[in-house]
Amino acid sequence: MHLPMIEKNYQPADIETRMARLWEEAGAFKAGRPERRDARPFTVVIPPPNVTGSLHMGHALNNTLQDILCRFERMRGRDVLWQPGTDHAGIATQMVVERQLMERQEPGRRDMGRAKFLERVWQWKAESGGVIVNQLKRLGASCDWSRERFTMDEGLSRAVAKVFVELHREGLIYKDKRLVNWDPKLLTAISDLEVQQIEVKGSLWYLRYPLEGKAFNPEDSSSFIVVATTRPETMLGDTAVAVNPDDERYADLVGKHVILPLVGRKIPIVADEYSDPEKGSGAVKVTPAHDFNDFEVGRRHNLPQISVLDQEGCLALLDNEDYLRGLPEGASQLAEELHGIDRFAARKLIVARLEDFGFLERIEPNTHMVPHGDRSGVVIEPYLTDQWYVDAHTMAQPAIAAVRSGATNFVPKNWEKTYFEWMENIQPWCISRQLWWGHQIPAWYGPDGKVFVAESEEEAVGNALGYYVEQEVITPEQGDEMARDPDKREGFITRDEDVLDTWFSSALWPFSTLGWPDDETDVARHYPTDVLVTGFDIIFFWVARMMMMGMHFMKDVPFPTVYIHALVRDEKGAKMSKSKGNVIDPLHLIDDYGADALRFTLAAMAAQGRDIKLASQRVEGYRNFATKLWNACRFAEMNGCALPVDFDATQATQTLNRWIAHETARATREVTEAIEAYRFNDAAASIYRFVWNVYCDWYLELAKPVLMGEEGAAKSETLAMVAWARDEILKLLHPFMPFITEELWAVTAKRDGLLVLTEWPRKAGLTSDEAVMMATTSPNDGLLPPVLLALDTGDFSDPAAEAEIGWVVDLVTAIRSVRAEMNITPATLTPLVLAGASDETKGRAQRWNDVVRRMARLGEISFADRPPEGAVQLLVRGEVAALPLKGVIDLSAEKARLDKELAKAEADIKRVDAKLGNEKFVANAPDEIVEEEKEKREAAVARKARIIEALERLKNAA
RNA sequence: GGGCGCGUAGCUCAGCGGGAGAGCACCUCGUUGACAUCGAGGGGGUCACAGGUUCGAUCCCUGUCGCGCCCA
């Protein structure tokens with residue numbers, strides 16, 4: 001077969017489309033490929049993006065890092081399962097579809113009815129739900145797409161029902177009437193985590209509450225008590241006034257009563273620690289039904305809870321039995337007046353009314369935190385309702401212990417503190433939502449409100465009907481009839497209308513996606529997963545809850561390692577947001593620079609524990625890196641570099657080739673170890689430096705004369721070695737830049753298979769059998785400690801080769817530097833005289849004659865005992881290299897240059913002497929450090945001597 | 001108020017007990033046989049500040065100042 005030539009230009013878009021198709025057709029990302037049936041699995045579950053989402057920078061980073069790990073382990077022979085899928089995102093999705101209905105001027109959700117609306121959501125999902133999946137594919141995510149899951153799939157829904165029922169049976173899920181965070185816009189309860197505290201400039205209103213039995217007189221402070229509040233409108237629901245038990249000002253008032261202004265309700269003055277004597281007046285009004293703290297105060301003092309708002313945050317006073325109970329005649333007039341008014345309008349009205357009657361003492365400006373819904377943006381209302389809760393405190397204990405014991409580790413470690421902090425102070429998790437889109441709670445109610453929880457409707461209805469027959473509420477005949485015909489039981493047995501918090505189903509993701517509870521084959525093989533990669537912003541929402549559910553249902557952690565990455569910010573460090581208009585769209589970057597460049601940028605910047613400030617300039621730079629690699633491969637192709645089948649790099653004889661083998665092994669070790677340690681930035685830096693600054697800058701340049709020269713053993717070995725090192729580069733770079741490397745892999749040689757499934761460069765001398773062992777042995781069986789996986793460069797290390805190539809590099813660099821400094825144009829070829837050269841140096845100079853002349857723009861290279869007069873004299877590895885430039889250069893400039901060098905050498909000597917002269921240093925420092933210092937001193941002294949000689953000669957020349 | 005983290009070259013960031021690094025930007029030079037999406041060279045930093053530990057601190061400890069995030 002004839003290989004296609006490498007295209008002249010690197011065109012990411014074209015390559016990406018083709019490579020994606022290639023992988024797809026080969027089923028390269030599929031878990032459980034037959035040839036890997038016996039390999040150790042490597043499993044990662046994707047943090048499921050919202051089905052409504054589109055790819056943002058956070059996704060790009062998160063999935064790039066996961067993909068690097070997956071491709072790396074796949075090349076190391078593991079049977080990789082990267083489990084993809086999306087989240088149904090209850091509120092977000094429902095909002096999207098409702099907005100769409102509105103835009104199309106179709107009937108709204110409520111007009112349409114539940115069943116019809118849900119049909120519409122599914123329809124929307126079918127049409128638009130795949131967007132983010134396709135975007136992840138563009139990024140190169142090597143998920144097993146054939147196993148894509150959705151949190152509302154049948155299987156996952158069964159998992160949800162089972163978990164709910166079991167936790168309910170164990171008493172870990174229960175229904176409770178207490179305050180929740182109520183969103184008056186979305187008309188649903190939300191969890192603590194979905195509430196954002198936002199600083200708001202408000203006011204503190206000081207209100208006079210008249211004391212019972214005294215004639216209220218605004219001028220007489222003994223006739224009232226002053227309470228301070230940030231929410232005057234809730235005063236209608238006050239059921240007490242609280243003062244601190246240690247507050248002497250109010251000591252004699254405790255136990256007495258006040259008459260609630262405007263309302264006329266008689267309420268007690270109680271002593272409670274909650275009241276802070278330093279704040280406001282030291283007395284607070286207590287509204288148990290509208291404030292979390294007051295709720296607790298109310299419980300402690302057995303106070304009634306009077307809710308005065310409705311679901312939408314409007315005053316609800318008429319027909320409000322709790323409110324009207326025990327009120328004097330005429331109170332209903334106020335109720336009629338205020339009923340139905342929005343909470344913020346009511347605030348103004350009530351304050352005005354209080355002022356009219358002298359109950360308002362003063363208003364102070366006050367900045368305080370106000371809870372807002374993270375989706376709706378409106379002020380959250382603490383609201384008294386029945387909701388379902390998970391006993392998070394109990395469930396957290398094994399999850400805390402698992403991290404304490406090290407069964408699960410966070411990387412970087414410091415996130416464990418955040419995890420513990422939250423888990424140890426965890427509150428009951430409110431899991432019911434008054435939405436339609438989501439997993440409907442598997443609870444059914446009988447006519448008396450008794451609840452029947454079961455995994456299926458049949459089961460629940462069966463239980464319920466049995467119960468009511470037994471209780472003789474219905475006859476057995478009626479029971480049979482209702483069991484047969486759902487219409488007949490309508491109004492008798494009704495299902496809970498609410499759905500579960502989206503995070504409830506996400507918490508099961510590591511095992512529900514593997515088939516639990518229906519088929520546990522994959523659970524056995526892939527649970528626990530190997531690592532979770534996610535952002536710190538969802539440690540509470542998701543990681544903690546997966547830990548709880550995993551420990552409870554699988555009796556094991558969901559993952560031994562949690563790699564927490566940072567946020568991607570804009571180049572100034574601001575959080576990207578639509579409102580700020582500073583969002584960088586990863587898809588635009590992919591269009592402009594290619595997915596590989598974007599991926600490499602994110603990896604290179606993913607230093608642990610630090611946010612990423614992304615500038616598109618960086619991406620451009622790494623696109624250039626891809627171009628560089630592209631051209632290096634073209635160069636190899638143009639010279640006919642190819643790898644013979646039986647070529648063994650360890651057996652190379654040419655110095656240059658032994659050197660690049662050694663450097664390749666070093667890069668292999670660095671990249672491998674860095675990925676293993678989740679140091680993605682170090683891995684990226686290593687491969688970048690190796691490709692550009694070692695392979696391209698030196699190896700290819702030094703190899704040119706051989707490649708262009710005559711046929712022979714040296715040339716054929718070099719032709720092979722250029723190809724060999726190129727192939728190693730393509731492998732090492734593949735996890736970071738999968739598209740370009742796969743393309744180059746295909747066009748540079750006839751291959752047995754795709755690069756994506758090619759074996760990762762391994763320790764030289766390790767047999768394939770051992771590599772297979774490594775891949776199949778479980779990590780905890782103690783047979784092969786991880787240290788054996790470390791790569792050994794032993795077979796490639798060659799100090800002699802390093803010394804020789806090092807000399808060439810130093811010589812060329814020194815000459816280039818001085819030529820630039822002396823403003824010698826490249827067109828001027830200068831001769832080089834190696835003065836007093838050792839035999840070794842002479843040999844090297846002869847062997848590298850062509851290269852050095854070409855790279856350093858030299859004429860002839862000759863040898864002499866002493867440098868010619870008036871020459872520029874360079875020190876290269878302890879010997880003098882002279883450029884006879886008398887007449888070409890300015891002698892005083894050369895003198896200045898040497899003076900500078902001399903000063904540097906002297907400074908070095910001085911610094912080392914100060915150290916070595918310090919007895920304590922010599923006594924305390926490790927021997928090798930002292931030895932190093934001594935060697936440095938010797939080198940500096942020798943250098944100084946040569947420079948002085950050079951200066952002498954210069955003087956003679958002048 | 002509690003917690004976490006950050007202040008290193010003009011910018012974005014690595015490094016973290018033994019001679020200050022990268023990329024980009026900047027300046028000079030360059031149509032050298034893969035690459036101008038390139039090559040060669042160069043300038044530029046009391047490593048926020050003050051103490052302490054140490055033979056030795058950009059690195060460890062304490063404090064101060066400045067910035068960011070999370071929780072109350």
Side-chain angles (χ1 to χ4, degrees), chain A residues 6 8-10 12 192-193 196-197 292-293 369 412 414-418 420-422 425 536-537 539-540 566-567 569-575 593-594 597 601 604-639 641 679 681-682 684-685 688-689 692-693 696-697 700-701 704-705 707-708 722 812-813 815-827 829 853-857 904 907-908 911-912 914-926 928-930 932-933 936 940:
Chain A
I6 302 180
K8 174 91 169 64
N9 291 309
Y10 163 54
D192 297 344
L193 288 175
Q196 286 179 329
Q197 302 292 335
F292 286 97
N293 291 308
M369 302 302 272
N414 54 303
W415 288 110
E416 289 180 3
K417 194 152 187 168
T418 306
F420 288 136
E421 191 63 31
W422 189 67
N425 297 298
F536 63 81
D537 49 330
I539 290 177
F540 304 148
L567 235 51
R569 299 170 175 281
D570 75 2
E571 54 195 303
K572 295 191 192 81
K575 209 166 168 171
Y593 304 110
T601 307
M605 298 189 77
Q608 287 182 10
R610 194 149 173 159
D611 284 347
I612 293 178
K613 290 183 202 164
L614 187 73
S616 61
Q617 227 173 19
R618 275 308 274 270
V619 188
E620 188 182 349
Y622 290 118
R623 188 274 319 268
N624 295 351
F625 173 59
T627 306
K628 185 74 182 177
L629 173 71
W630 186 265
N631 284 307
C633 290
R634 280 184 65 222
F635 171 78
E637 178 182 67
M638 288 162 67
N639 285 281
C641 297
R679 287 184 286 105
N681 57 321
D682 287 344
Y688 182 94
R689 196 171 312 136
W692 203 314
N693 304 120
C696 291
D697 286 352
L700 292 184
E701 291 303 325
K704 275 178 183 172
L707 296 173
M708 316 284 172
V722 168
V812 170
T813 305
I815 296 171
R816 280 171 170 174
S817 177
V818 80
R819 287 180 62 110
E821 213 173 313
M822 299 286 166
N823 285 323
I824 299 165
T825 64
L829 300 184
R853 277 173 36 215
R854 195 175 61 82
M855 294 183 79
R857 311 291 301 152
K904 224 153 113 195
D908 282 356
R911 196 177 40 72
V912 176
K915 271 194 176 184
L916 291 172
N918 182 341
E919 280 174 33
K920 288 180 179 169
F921 171 74
V922 180
N924 293 318
E928 62 266 28
I929 297 291
V930 177
E932 259 176 48
E933 292 297 323
K936 276 182 209 165

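Proteins come first, then strands; the chains are lettered A, B, ... in the order of their sequence lines, and each starts at number 1.
Counting only distance, with no hydrogens or angles, the side chain of Arg816(A) and the backbone of Met855(A) share a donor-acceptor pair below 3.5 Å. Of the possible polar contacts, none joining the Arg857(A) side chain to the Leu829(A) backbone as a donor-acceptor pair under 3.5 Å is found. The closest donor-acceptor contact from the side chain of Asn823(A) to the backbone of Arg819(A) lies at 3.5 Å or more, if one exists at all. One N or O on the side chain of Thr601(A) and one on the backbone of Ala597(A) form a donor-acceptor pair closer than 3.5 Å. Checked by atom type and distance alone, the side chain of Asn639(A) pairs as donor or acceptor with a backbone atom of Phe635(A) at under 3.5 Å.
Nucleotides G7(B) and C13(B) have their C1' atoms positioned 12 Å apart, rounded to a whole Å. Taking the C1' atom of each, G19(B) and C59(B) are spaced 15 Å apart, rounded to whole Å. A distance of about 12 Å separates the C1' atoms of A25(B) and G44(B), rounded to the whole Å. Taking atom P in both C67(B) and C24(B), one finds a spacing of 32 Å when rounded to whole Å. As rounded to the nearest Å, C60(B) and G17(B) have C1' atoms that lie 8 Å from one another. Comparing G42(B) with A22(B), their P atoms sit 11 Å apart, to the nearest whole Å. Using P as the reference atom, U32(B) and C38(B) are 15 Å apart when rounded to the nearest Å. Spacing between U53(B) and A40(B) at atom C1', rounded to whole Å, works out to 47 Å.
Taking atom OH of Tyr688(A) as the reference point, atom C1' of G21(B) lies 14 Å away to the nearest angstrom. For Phe420(A) and G2(B), the CZ to C1' distance is 18 Å, given to the nearest whole Å. Between Asn693(A) atom CG and G41(B) atom C1' the separation is 15 Å, expressed in whole Å. In this entry the distance linking CG of Asp537(A) with C1' of C4(B) reads 15 Å, nearest Å. Here the C1' atom of nucleotide C70(B) and the CD1 atom of Ile539(A) are 10 Å apart, to the nearest Å. Rounding to whole angstrom units, CZ of residue Phe536(A) and P of G3(B) are separated by 19 Å. Here the C1' atom of nucleotide G23(B) and the CE atom of Met605(A) are 9 Å apart, to the nearest Å. Separating the CD atom of Glu821(A) from the C1' atom of G41(B) is a distance of 9 Å, rounded to the nearest angstrom.
What you find for Glu701(A) and Asp697(A) is that their closest heavy atoms are CG-O, 3.1 Å.
Across all strands shown, Ser817(A) has heavy atoms under 4.0 Å from sugar-phosphate atoms exclusively, and none from any base.
Partner assigned to U32(B) is none, using Watson-Crick or G-U wobble distances below 3.5 angstrom. In this structure, C59(B) makes no Watson-Crick or G-U wobble pair, since no nucleotide meets both defining distances under 3.5 angstrom. Base pairing analysis places G10(B) opposite C24(B); the two distances defining the Watson-Crick or G-U wobble pair are each below 3.5 Å. Partner assigned to G1(B) is C71(B), using Watson-Crick or G-U wobble distances below 3.5 angstrom. Remark: G45(B) base-pairs with no nucleotide in the shown strands. Criterion, Watson-Crick or G-U wobble with two distances under 3.5 Å.
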Quiz prompt | nucleotides 25-38 of chain B: protein proximity per nucleotide (B base, S sugar-phosphate only, - neither; heavy atom, under 4.0 Å) | solution = S---SS-BBBB-BS

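Aromatic pair Tyr593(A)/Tyr622(A): ring centres not closer than 6.0 Å.
Heavy-atom neighbours of Arg854(A) CZ from other residues, nucleotides or ligands within 6.0 Å: above the threshold of 12.
Taking the centre and axis of the six-membered ring of Tyr10(A), the NZ or CZ atom of Lys628(A) falls outside the cone set by 45° and 6.0 Å.
Place Tyr622(A) and Trp415(A) on RNA chain B by their nearest nucleotides, and Trp415(A) ends up nearer the 5' end.
The CZ atom of Phe625(A) lies 8.0 Å from the CH2 atom of Trp692(A); values are rounded to the nearest 0.5 Å.
Taking the charged nitrogens against the carboxylate oxygens, Glu637(A) and Arg634(A) have no contact shorter than 4.0 Å, which rules out a salt bridge.
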Show each protein N/O and nucleotides 16-20 of chain B N/O combination with a separation under 3.5 Å, one pair to a line.
unit_1 : atom_1 : unit_2    : atom_2 : d
G18(B) : O2'    : Lys915(A) : NZ     : 3.4
G19(B) : OP1    : Lys936(A) : NZ     : 3.1
G19(B) : N2     : Asp908(A) : OD2    : 3.4
G19(B) : N2     : Arg911(A) : NH2    : 2.8
G19(B) : N3     : Arg911(A) : NH2    : 2.5

